[in-house]
Amino acid sequence: MTRITIPRPDDWHLHLRDGAALAAVVAFTARRFGRAIVMPNLRPPVTTADAARAYRERILAALPAGSRFEPLMTLYLTESTAPEEIARAKAGGVVHGVKLYPAGATTHSDAGVTDVRRTFATLERMAELGMPLLVHGETADPAVDPFDREARFVDEVLAPLAERFASLRIVMEHITTRHAVEFVRSARDGVAATITPQHLLHNRGALFAGGLRPHYYCLPVLKREEDRRALVDAATGGEPRFFLGTDSAPHERAAKESACGCAGMFTAHAAIELYAEVFEAAGRLDRLAGFASRFGAAFYGLAPHRETLTLVAAPWTVPASYPFGDGQLVPYRAGATVRWRIDAQDGT
Ligand code: NCD
Ligand code: ZN
């Protein structure tokens, strides 16, 4: 197949940042996706319905003229998020999920949760109001091996939480292991997961290929080949619990290429094209539309887009960098080839 048309896809996990960084990256996503769930880990984090509304306005103002891209906002759950704030967010209509970061687990997560029990009253209200919980599923305990942090979180926190709040809708974001795939597959109704392109394309060998590769460092960190294969099976298996979430997370070059480089990979410039590579390699391009355009919308109670997006197999070379405020952004696969591109007639 050299051409594929799908309903316009959505990105159910995205970092857009703010200010000059937002202005530098938002068009990449808006060109490809109809909607995106926008992460709230700004500094300071987006913890109130009012802050989410204001952030949404800044995103809309940064869009290219004529764009119909729709940002779906999230709140950052803290131990002092009041149940009433959830009710305000629900009533306001722009907030579509509440994000749980274990404190210290990833970039800009220090305001997150240290003891999930302190959020139980808020989770109860979320379950009542049908507000989804979006989870960064890793334990932040430094004593736990980084490659085991997802599995430990699933067993010790997430599985009991899903049982305790039986009607809470839960998305385990950016799953990276076979263990998480199996948990999500066998969990009760209302539990789903997003999967990134990098975790479908690479195992942890990419971090050390010929030297230390900071642009392959994201959290949760890339895992073993057997985990990657389980993720490909889940994504291409036509199972509605697994859907697209890029976790595209831009950082300025110097913050990545550093003695203490930060976590996050930028993939928004080629996101749907990269997923097409994965589905093609699996012989399952026919299932891209479900994963990219239908299952996530259904989980969030939204209609899929009627508009379509066409991809053609016509390789192109990713630039070495993109402008990023006063600095540079090194995109995933900089200087190398991406096999699919968006059909020129699909415009912006
Ligand atoms: C994200 C970021 O940079 O905001 N980084 C990452 O490695 N994925 C945070 C996150 O989603 O964990
Ligand atoms: Zn993320």
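Read the numbers this way: they start at 1 and go in the same order the structure lists the ligands and their atoms. Owing to the predicted nature of the structure, the values given are computational and were not obtained by experimental measurement.
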**Study point:** Sub-4.0 Å heavy-atom approach of M39 to ligand 1
**Key:**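 M39 does not count as a contact of ligand 1 under the 4.0 Å cut-off.
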Review point. Are any of the heavy atoms in Q198 under 4.0 Å away from ligand 1?
Key: no
Please determine if [X] and [Y] form a salt bridge, counting it only when a charged side-chain N lies under 4.0 Å from a carboxylate O.
| X | Y | answer |
| --- | --- | --- |
| R118 | E79 | yes |
| D233 | R178 | no |
| E307 | R68 | yes |
| E277 | R333 | yes |
| R185 | E239 | yes |
| R3 | D343 | yes |
| R188 | E163 | no |
| R229 | E226 | no |

Which of the numbered atoms in ligand 1 are under 4.0 angstrom from any heavy atom belonging to [X]?
| X | value |
| --- | --- |
| H13 | 11 (O) |
| H136 | 12 (O) |
| L219 | 6 (C), 7 (O), 8 (N), 12 (O) |
| H174 | 11 (O) |
| C218 | 7 (O) |

Tell me whether [X] has any N or O atom under 3.5 angstrom from an N or O of ligand 1.
| X | answer |
| --- | --- |
| M265 | no |
| Y101 | no |
| T106 | yes |
| G264 | yes |
| Y217 | no |
| A263 | yes |

Check your understanding: How close does the nearest protein non-hydrogen atom get to atom 1 (C) of ligand 1, and which residue and atom is it?
Key ->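 So the nearest neighbour among protein heavy atoms is H15 NE2, 3.6 Å.
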**Study point:** Heavy atom of the protein closest to atom 8 (N) of ligand 1 (residue, atom name, distance)
**Key:** D247 OD2, 2.7 Å
Point to revise | H108 contact mode with ligand 1 (heavy-atom cut-off under 4.0 Å) | key: neither
Check your understanding: Where on K99 is there a heavy atom closer than 4.0 Å to ligand 1, on the side chain, on the backbone, on both, or on neither?
Key ->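 Under 4.0 Å from ligand 1, K99 contributes no heavy atoms.
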Is the gap between the ring centers of [X] and [Y] under 6.0 Å?
| X | Y | value |
| --- | --- | --- |
| Y217 | H251 | no |
| H199 | H174 | no |
| F69 | F33 | no |
| F208 | Y216 | no |

Practice item. Output, by chain and residue number, all protein N/O/S atoms separated from the Zn ion (ligand 2) by less than 2.8 Å. Key: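 Near the Zn ion (ligand 2), below 2.8 Å, one finds H13 NE2, H15 NE2, D247 OD1.
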Please list every donor-acceptor pair under 3.5 Å in which a side-chain atom of residues 290-300 meets a protein atom from a residue at least two apart or in another chain.
unit_1	atom_1	unit_2	atom_2	d
S293	OG	P7	O	2.6

Check your understanding: Under the 6.0 Å and 45° cation-pi test, does R204 pair with F147?
Key ->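 Output yes; distance and angle both within limits.
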